[in-house]
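In what follows, a structure is listed as C-alpha cells, so that the remarks can point back to it.
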2 protein chains.
Amino acid sequence: MLHYPSEWLHGASLGDRIASELRLHVIDGTIKAGEVISENRVAAVFGTSRSPVREALKALANEGLIRLERMGAVVLGLSDEDLDELYDVRFLIESFAQQRLAAVDNGKLLEKLRQMIDKMELAVKHEDMIAFSNLDFSFHEAIIIEAKHARIQHLWKSIRQIVLTVMLITTEEVFSQGAAKLSMVIDKHRKIVSGLETKDVNVIRNVVQDYFADSKVTLHSSLS
Amino acid sequence: MLHYPSEWLHGASLGDRIASELRLHVIDGTIKAGEVISENRVAAVFGTSRSPVREALKALANEGLIRLERMGAVVLGLSDEDLDELYDVRFLIESFAQQRLAAVDNGKLLEKLRQMIDKMELAVKHEDMIAFSNLDFSFHEAIIIEAKHARIQHLWKSIRQIVLTVMLITTEEVFSQGAAKLSMVIDKHRKIVSGLETKDVNVIRNVVQDYFADSKVTLHSSLS
DNA sequence: AATAGTGTACTTGTATACAAGTTAGCAAAA
DNA sequence: TTTTGCTAACTTGTATACAAGTACACTATT
C-alpha cells in the first residue's frame, strides 16, 4: 500500500499529516466514495484527539474530496470525470499563468525550469519516483508562482495537494511503463519551456493545450 | 458601520459567524492590512472560546484574506490590485461556465435568470440594498452552478464569500448613486441573458468580457 | 554603554470535557 | 401488522486545559 512520503511532512502538524494520509487514501480508492467517516473514528484510527482530525476533515472538504454533513462526512472521492475536471482547471490556471508570463522577462524562470528538467532525468536514472513526481509538480507550480497573481495562486493552492497526490499515484504508474514513456514525459516539459521562450501568446496557448490534452490521455490509460 | 446581514447567517455556527464578520471588516478596511491578530484576542472580542475562532481564521486564510504564521495571523486585506485580480478570476470562472452552457439546453436557467432580474427591479423599488446584492450574487452563482462542473464550482466556492461581501459593499455605493446607475447594472445582466440565448460561444465570450471589464470600472470608481 | 542571559507573557497545537442535536432500533400500544 | 414513542449511542459544536515553542523586555555582567 502506497504511503504519503514522510519527507514531504517535515514540520507538518498532526492535522496536516492526517489530511495528507486521508487524501491519499481517498484518491487511491482505499477509502471508497460513499463511505461515511466521523471525527471520532478517524481520531481512533490515527490515535489522536478530534482536534487535528477536525482540521484535516475541514481541509479535505475545502478540496472537495469529502462533504461535511450534520452527522459524519461523506467521502466523494475522485472519479474519472473528476480527474478530467481537475485537469480542466489545471489547464485554466496554468494557461492563464503562462499567457501572463509571455508579457514579462522570464529568463530566470526558464533557467530554473531547465534545471528541473535536468533533475528529472537524474531522478529517472536513480529510479527515484518520489523525486520525479515532486519535480513534475514543482515545475508547474514554479510557472504559476512566477505569474505573480495572488488570486490565481490561491486557486492553485486549493487544488495543489490533490494535484501533488494524483501525480504521486500516476508517476508510480508511468515509472512502471519504462524509460521510453518517461522520456516522453520529460520531452513534454521541454516543449513547455520552448513555448515560453517564444513569448508568443498564440504559440503558448497551443503548447499548453497540447500538454494537458496529452496528459489527460496518459491519466486515463494509467488509471483504468 | 456596516454589519454582516444576520439573515444570511441562519443556522450558521459560531465559527461561520465570526468568519463572516471578520471577513467583512477585513475587506471594508476596519481591520487594516498588516495588523496581526491572535486567536485569543479575537475570541475575547467575540466572547467565545478559541475553537470557533480557529475555524474562522482557517477559513479566512483559505480565502487569502489573512496569512497564518507561527505567532499570530497577519491581515492581508484586499487592495485595489487584489480586487482586480478577484475579478480576473471571476471572469475566468464565469467565462468557462458560460461557454459550457452554450452547448446544452439552458432554457430553465434563462427563465430563472429573467425572474431574478425582475426581482432586482423590485429590490430597487423597495430600496432593499441587501436583497439587491444578494440577487446580483445569486444571478452569477446560478450560472456557475448550472454549468455542472464540480471542480469549477469548487473554485467558485473558494471565493464566493469574498465576492458576496464585496458585492454587499459595492452595492451600497451603487445605491447611493441613484436609479440611473442601478438600471445600468440591471441592463448589464439582461445582456448576459441575451448572450446566453444566442448559444454562440463567440458572442458569449464578448458579452462576458464586456461585463467584467465594465464591472472593474464600476468597482474602482466605487471604492476610491 | 553594550551585550549576553533569563524570565515572563504570549502564541499555537493538541487533548479532553461537556452540551445539544440526530439517528436507529426496539418495545409497547393500537 | 403498523405505528408511536422512548432510549441509547452516536454525531458535531464549543469550551477549557495543558504543553511546547517564540518574542521581548529586563537584568546582570563585562
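All chains are named by letter (A, B, ...) in the order of the sequence lines, taking the proteins before the strands, and each is independently numbered beginning at 1.
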Taking it one step at a time, do B:Tyr87 and B:His220 satisfy ring pair (Phe, Tyr, Trp, His ring centres under 6.0 Å)?
CA-CA 11 Å; B:Tyr87 275 63; B:His220 280 148; 8.6 Å; no
Going by an N to O cut-off under 4.0 Å, is there a salt bridge joining B:Lys108 and B:Glu111?
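Judged by the 4.0 Å cut-off on N to carboxylate O distance, B:Lys108 and B:Glu111 do not form a salt bridge.
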DNA chain D contacts made by residues 63-75 of chain A, counting heavy atoms under 4.0 Å
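Those residues are A:Arg70, A:Met71, A:Gly72.
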State, with a plain yes or no, whether a side-chain heavy atom of [X] is found less than 4.5 Å away from one of [Y].
X	Y	result
A:His149	B:Asp88	yes
A:Leu57	A:Ile66	yes
A:Leu168	A:Leu164	no

Going 5' to 3' along DNA chain C, which nucleotides are the first and last within contact of chain B (any atom under 4.0 Å from a heavy atom)?
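From 5' to 3', the first and last contacting nucleotides are C:dC10 to C:dT14.
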Crowded around B:Lys119 NZ? As in, over 12 foreign heavy atoms under 6.0 Å?
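No, NZ of B:Lys119 has 12 or fewer neighbouring heavy atoms, counting only those of other groups under 6.0 Å.
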Can you establish whether the number of heavy atoms outside A:Lys112 located under 6.0 Å from its atom NZ is more than 12?
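For A:Lys112, atom NZ is not crowded (no more than 12 foreign heavy atoms under 6.0 Å).
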By the 4.0 Å heavy-atom rule, please label A:Glu55 as base, sugar-phosphate, or nothing.
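Result for A:Glu55 = nothing.
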Touch check for B:Ser51, heavy atoms < 4.0 angstrom, all strands: base, sugar-phosphate only, or nothing?
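The residue B:Ser51 makes base contact.
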My understanding is that only one of A:Trp156, A:Trp8, A:Phe132 makes a ring-ring contact (aromatic ring centres under 6.0 Å, His included) with A:Phe137; could you say which?
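The option that passes is A:Trp156.
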